[in-house]
Amino acid sequence: MTATPDTVSPVAGKTIVLGVCGGIAAYKAVEVCRRLVDAGAHVVPVMTKGAEHFIGRTTLSALASEPVQSSLWDEESPIPHTRLGQSADLVLVAPATARLLGAYAHGLSTDLLTNVLIATRAPVMVCPAMHTEMWEHPSVQDNIALLRRRGVHVVEPESGRLAGGDSGKGRLAGPDSIVTAVESVLGPRDLEGRHVVVTAGGTREPIDAVRVIANRSSGKQGYAVAAEAVRRGARVTLVTTVELPLPHGVQPVCVETAAQMQRALDGLKDSADVIVMAAAVADFRPVACAPGKIKKNDGVPEVHLEPTPDILAGLGAAKRPGQILVGFAAETADLVANAQSKLERKNLDLIVANDVSQPGVGFQHDTNAVTFLRPGEALESHPLSDKRDVARALLDIVVGLLG
Ligand code: CTP
């Protein structure tokens, strides 16, 4: 059995110029900056004059890897824009205002940030944030379309509460989405062109109109696999029973029961290069669902159960040559023997076994300790680590299997 060290974030060691424009969402750039620095990136902050109305230079300087720069003329370097543009592995603008998008789209270099954008050959990512009326204005939409055509990565704003109490589309994407998008641009693109289908969460099997048989699965491991697969360039479909924040770029399919999950997978399996069954599918379901609510005064109901279809075994039996099938085995005893038997019985290429009786492992937690089993290969065991690290290690194996 070999222990594998934790994997590192794809942003580690990379230089990211973080441009911050003048909008109320500028305060969220501070969190984005902190997360990128925590992940090992060298973050060089550039603020516009407008941004300084919303957050202090000291705040960003304290959290970034270098002090804030904002002027073409006052810096030590005589040509700060070319120095910054050339040293960057990525220029990220969050938030990007309508003014910045317009200037960048039309080559207007009016301040340090717009000069850096035009002077760089590194990939550029913009994260717009503005009021709905501005976001929907044809000039802004045309500028976004122009930038996209030039290969600029756009992290779309979200819908939600805006400054001044309004509500609508235009709110800066959350720090999680922005960091995931950055990792996807800077990380290995070894799943480019692949369709990865992931399932997540526990199924819910209805007893009556209000009651279900459920399980403790939170869906976090499946979501982490989906986010990592997007980062690595895959087209990702996530068949999910839970509503966690959706990783940037993931296509969701919402289901509740084992039967619905099976139907969803029936429609996806032919185009899938990889299927990762991280969902905890109920093994039994009520034979019938009472149409209304069963009333307490009617006495204790008898619930007759029947087995659900084993979705993964069905996928294993119909597996195409070259398709990679990954299962999970949540166990409380005889971890390796149980997982080995499922690996063989369900015709899998990989099974991820975890002992959910151990502290911090599996259901509900942000962490997991897993053992990977493959046909004819030595076991690979990972100590307790973040579910994102488990996802990376899992997809490293999948990439190897895809060849
Ligand atoms: N699985 C499935 N359909 C089911 C039950 C499980 O597709 N009806 C999948 C799970 O998504 C998981 C793998 O099979 O990837 C193993 O699930 P698990 O519950 O650990 O194993 P079971 O085969 O259900 O056996 P047992 O519950 O007896 O451990």
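Numbers here are sequence positions counted from 1. Keep in mind that the numbers below use all heavy atoms, side chains included, and drop hydrogens, waters and symmetry copies. For ligands, and for the atoms within them, numbers begin at 1 and follow the listed sequence.
- In this model, no donor atom of one side chain and acceptor atom of the other lie less than 3.5 Å apart for Thr59 and Tyr27.
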Chi angles and distances behind the salt bridge (charged side-chain N to carboxylate O under 4.0 Å, His left out) call for Arg232, Asp396: CA-CA 10 Å; Arg232 296 166 83 139; Asp396 283 345; 2.6 Å; yes

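- Closest approach of Asp208 to Ile294, counting heavy atoms only: OD2-N, 2.9 Å.
- Using modelled atom types and a 3.5 Å distance limit, the side chains of Glu380 and His382 yield a donor-acceptor pair.
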Check each N or O atom of ligand 1 against all protein N or O atoms and list the pairs under 3.5 Å, with atom names and distances to 0.1 Å, one per line.
unit_1   : atom_1 : unit_2 : atom_2 : d
ligand 1 : 3 (N)  : Ile311 : N      : 3.1
ligand 1 : 7 (O)  : Ile311 : N      : 3.4
ligand 1 : 7 (O)  : Leu312 : N      : 2.8
ligand 1 : 8 (N)  : Thr308 : OG1    : 3.3
ligand 1 : 8 (N)  : Pro309 : O      : 2.9
ligand 1 : 11 (O) : Ala279 : O      : 2.7
ligand 1 : 14 (O) : Lys346 : NZ     : 2.9
ligand 1 : 15 (O) : Met277 : O      : 2.8
ligand 1 : 15 (O) : Phe328 : N      : 2.9
ligand 1 : 15 (O) : Phe328 : O      : 3.4
ligand 1 : 20 (O) : Lys342 : NZ     : 2.8
ligand 1 : 21 (O) : Lys342 : NZ     : 3.0
ligand 1 : 23 (O) : Lys346 : NZ     : 2.6
ligand 1 : 24 (O) : Asp283 : OD1    : 2.9
ligand 1 : 24 (O) : Asp283 : OD2    : 3.2
ligand 1 : 27 (O) : Asp283 : OD2    : 2.8
ligand 1 : 29 (O) : Lys342 : NZ     : 2.8

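- Take Phe363 and apply the ring-ring contact (aromatic ring centres under 6.0 Å, His included) test, not counting sequence neighbours, and it matches no residue.
- Minimum heavy-atom separation, Pro128 to Ile144: CG-CD1, 3.9 Å.
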